[in-house]
Amino acid sequence: MSLAHTTVLLWAWGSLQAFEIVEKESVFQRTPCPAFLVFDNAAYLADMSFELPCHCKPEDVSAVVWYYQKHLGSRYTTVLTDFDGRLLTEAAHVRVGSSMLVRFSIRMFSLLVFRAQPEDTGLYFCGTREGDYFYAYDVDIQSNKEIVASFKDMAQEPLPDEYYGGLHVFTTFWEWTPCDRCDVRGEQWRFGLCYLQYPDLSPRYIKTRSDVVSCGSRAVPWKLHLQTKYHTPELQFQSCLVSCQKRNKTRKGVLAIYSYVSKLGSRPWVPQVPIQFHQQRLGHGLIISCPGARPEHAVAWDKDDQPLYRAQYLKGVNRSMRVFIDHGNHLHIRFTQLSDRGIYYCWLQGLKIAGFRLGVITRGRYPASLSDPETRTAIELTLMGYLFITIVFITIHLCRCCCQSPCCPNFSAQTLL
């Protein structure tokens, strides 16, 4: 490519970006900021990533700063800013349990929070470096630890609505995901979040209806939080069947080109999807993630040709499960056995995208680490065992002292003599 062609392409790319910025600024010019700061209610499930657009700002403001408060009027305010050379965060680099200060990014005045946690629930303000606020959100991150699953094919129903006088607690479901497999029986699901209806809610919080907000909203009085804490988020599953014909046109074209280029009879075996090899020591645990998947995506797992349906492998279906799929779409294998060898295929949004060939070895050094779930479990069980033995020892001696009542007074009398 000549220098002239390169210059033209760079000029065109710069023009497109300038057009995008001008279009964004025109939106701000058409959207006036409210005279009285109100909060837009939004609810998400834990481990989801979300975006909070700054819908309005003065024309003379070229950069925004986001602020976070746990409660309105709190003395402690966290400043979320990309100033001072801070690099933009990417979702793939975020680890579970990281602080929110390393899980956010500001792009085109919008705040992006990756892998949100219940601790991130609170109020988010879009403003300037001087502390002037333009727009605000009331964000509710609901925990997925006690999430309840129901299977429509088994005639299971979601949680019933709850009524406490004028308080109505219910579940609001999102849309169904696409079918997680094609050409074979698959599954699709939708998750629901806790919402409530109450007549005396604060008017400072914007809602779809004047008397409906999410259960963790700051508009809900504290006394009502105690009545809604048992209405957990939900997952609802149902079977589905779709065709792979449309989805595999591109893949079939690539394979046809490869067959044409390679020599007849000497073409090696080519897997349908990229395969990653991994060796795991016998008896240790393993967690496999689907590349590019998020909790709200339709993700499925197969072991070789055997589908791992959530009706049998979802976390919590059976308390003694050694192989299970958690609510974040990760595949867990606890205490690896030799029978776990094989290829584990991952489906994302109905397409098989990756495979993991698992080998199990019985020898070799495997240093213990506190980051290993099995090591932490062994330490916890050991400490609990010692604590249990100590409690039993003390209880037995107290019972002996109380049951042998003549012994204690005589001991006291001998001491006085």
Side-chain angles (χ1 to χ4, degrees), residues 44-51 89-96 103 112-116 144 147 149 151-153 173-192 233 235-255 258 270-278 286-315 317 323-333 340 342-358:
Y44 303 95
L45 192 64
D47 288 332
M48 290 182 62
S49 301
F50 61 88
E51 177 183 359
T89 303
E90 297 294 340
H93 300 157
V94 175
R95 296 183 178 180
V96 179
R103 287 189 288 103
L112 280 72
V113 179
F114 303 103
R115 307 203 69 164
N144 57 7
I147 196 168
F151 297 89
K152 211 170 181 181
D153 299 340
F173 285 95
W174 288 38
E175 295 183 356
W176 290 98
T177 65
C179 196
D180 59 8
R181 295 175 177 88
C182 58
D183 279 352
V184 294
R185 186 180 74 86
E187 294 175 319
Q188 59 182 166
W189 63 90
R190 58 178 181 173
F191 64 89
L235 279 174
Q236 191 176 29
F237 295 86
Q238 68 178 10
S239 298
C240 56
L241 181 62
V242 297
S243 173
C244 292
Q245 184 176 2
K246 295 182 179 180
R247 299 180 178 179
N248 289 338
K249 283 184 178 180
T250 304
R251 187 178 302 277
K252 289 181 179 178
V254 174
L255 291 177
Y258 183 84
V270 179
Q272 296 181 351
V273 294
I275 301 293
Q276 179 181 348
F277 297 88
H278 178 77
L286 177 66
I287 302 176
I288 308 177
S289 300
C290 189
R294 297 198 299 266
E296 62 270 23
H297 284 163
V299 178
W301 292 95
D302 296 344
K303 181 186 178 184
D304 297 325
D305 296 330
Q306 176 190 359
L308 304 180
Y309 292 115
R310 280 175 167 78
Q312 293 84 29
Y313 290 93
L314 182 67
K315 179 181 179 181
V317 172
V323 179
F324 62 89
I325 303 172
D326 66 15
H327 304 301
N329 297 322
H330 304 99
L331 179 64
H332 294 246
I333 302 177
D340 295 326
I343 302 180
Y344 293 84
Y345 291 103
C346 165
W347 299 71
L348 178 61
Q349 299 293 90
L351 289 176
K352 188 182 293 187
I353 64 167
F356 302 86
R357 182 185 291 274
L358 177 62

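What you are looking at is a predicted structure, and each value in this text was computed from that prediction instead of being measured. Scope of the values below: all heavy atoms of this structure, side chains included, with no hydrogens, waters or symmetry mates.
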Please lay out, stage by stage, how Tyr44 and Val113 fare under the test side-chain contact (heavy atoms from CB on, under 4.5 Å).
-> CA-CA 11 Å; Tyr44 303 95; Val113 179; over 6 Å; no
Decide side-chain contact (heavy atoms from CB on, under 4.5 Å) for Cys346 and Ile353; before the verdict, give the C-alpha distance in whole Å, the side-chain angles of both, and the deciding distance to 0.1 Å.
-> CA-CA 6 Å; Cys346 165; Ile353 64 167; 4.2 Å; yes
Test log, rule side-chain contact (heavy atoms from CB on, under 4.5 Å), inputs Met48 and Phe191 = CA-CA 12 Å; Met48 290 182 62; Phe191 64 89; 3.6 Å; yes
CA sep, side-chain torsions, deciding dist, call: Glu296, Trp174, side-chain contact (heavy atoms from CB on, under 4.5 Å) | CA-CA 10 Å; Glu296 62 270 23; Trp174 288 38; 5.7 Å; no
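At most 12 non-hydrogen atoms from other residues, nucleotides or ligands lie less than 6.0 angstrom from CG of Asp305.
How far CD1 of Ile325 is from CZ of Arg310: 4.5 Å, rounded to the nearest 0.5 Å. Once rounded to the nearest 0.5 Å, the distance linking CG of Asn329 with OG of Ser289 reads 9.5 Å. Annotation: the span from Leu358 atom CG to Phe277 atom CZ amounts to 12.0 Å, rounded to 0.5 Å. Taking CD1 of Ile343 as the reference point, atom CG of Asp302 lies at 11.5 Å (rounded to 0.5 Å). Taking CG of Asn144 as the reference point, atom CG of Asp326 lies at 8.5 Å (rounded to 0.5 Å). Distance check, rounded to the nearest 0.5 Å: CG of Leu45 to CG of Leu235 gives 7.0 Å.
With contacts defined as side-chain heavy-atom distances shorter than 4.5 Å, the pair Arg181/Tyr309 qualifies. In this structure, Asp183 and Ser243 have side chains that are in contact, with non-hydrogen atoms separated by less than 4.5 Å. Looking at Ile275 and Tyr345, their side chains come closer than 4.5 Å, going by heavy atoms from C-beta outward. The side-chain heavy atoms of Val323 and Lys303, taken from C-beta on, include no pair separated by under 4.5 Å. You'll find the side chain of Leu241 stays beyond 4.5 Å of the side chain of Cys179, heavy atoms only.
Of the possible donor and acceptor atoms, one in the side chain of Gln349 sits under 3.5 Å from a partner among the backbone N and O of Ala298. At distances below 3.5 Å, not a single donor-acceptor pair connects side-chain atoms of Asp153 with backbone N or O atoms of Gln238. Remark: side-chain polar atoms of Asp47 are not paired, donor with acceptor, to backbone N or O of Gly328 under 3.5 angstrom. At distances below 3.5 Å, not a single donor-acceptor pair connects side-chain atoms of Gln276 with backbone N or O atoms of Phe356. For Thr177 (side chain) and Trp189 (main-chain N/O), a donor-acceptor pair under 3.5 Å exists by modelled atom type. Side-chain N or O atoms of Asp180 include one that pairs as donor or acceptor with a backbone N or O of Glu187 at under 3.5 Å.
Here the shortest heavy-atom pairing between Val299 and Cys290 reads CG1-CB, 3.9 Å. Listed here is the closest heavy atom pair of Gln236 and Trp176: O-CZ3, 3.3 Å. Residues His327 and Ile147 approach most closely at NE2-CG2, 2.9 Å, considering heavy atoms. Of all the heavy atoms in Tyr313 and Gln306, the pair that sits closest is OH-NE2, 3.6 Å.
Ring geometry, Phe151 versus Phe237: the interplanar angle falls under 30°, so the pair is classed parallel (tilted spans 30 to 60°). Ring orientation note: the planes of His332 and Phe324 are close to parallel, at an angle under 30° on the 30°/60° scale.
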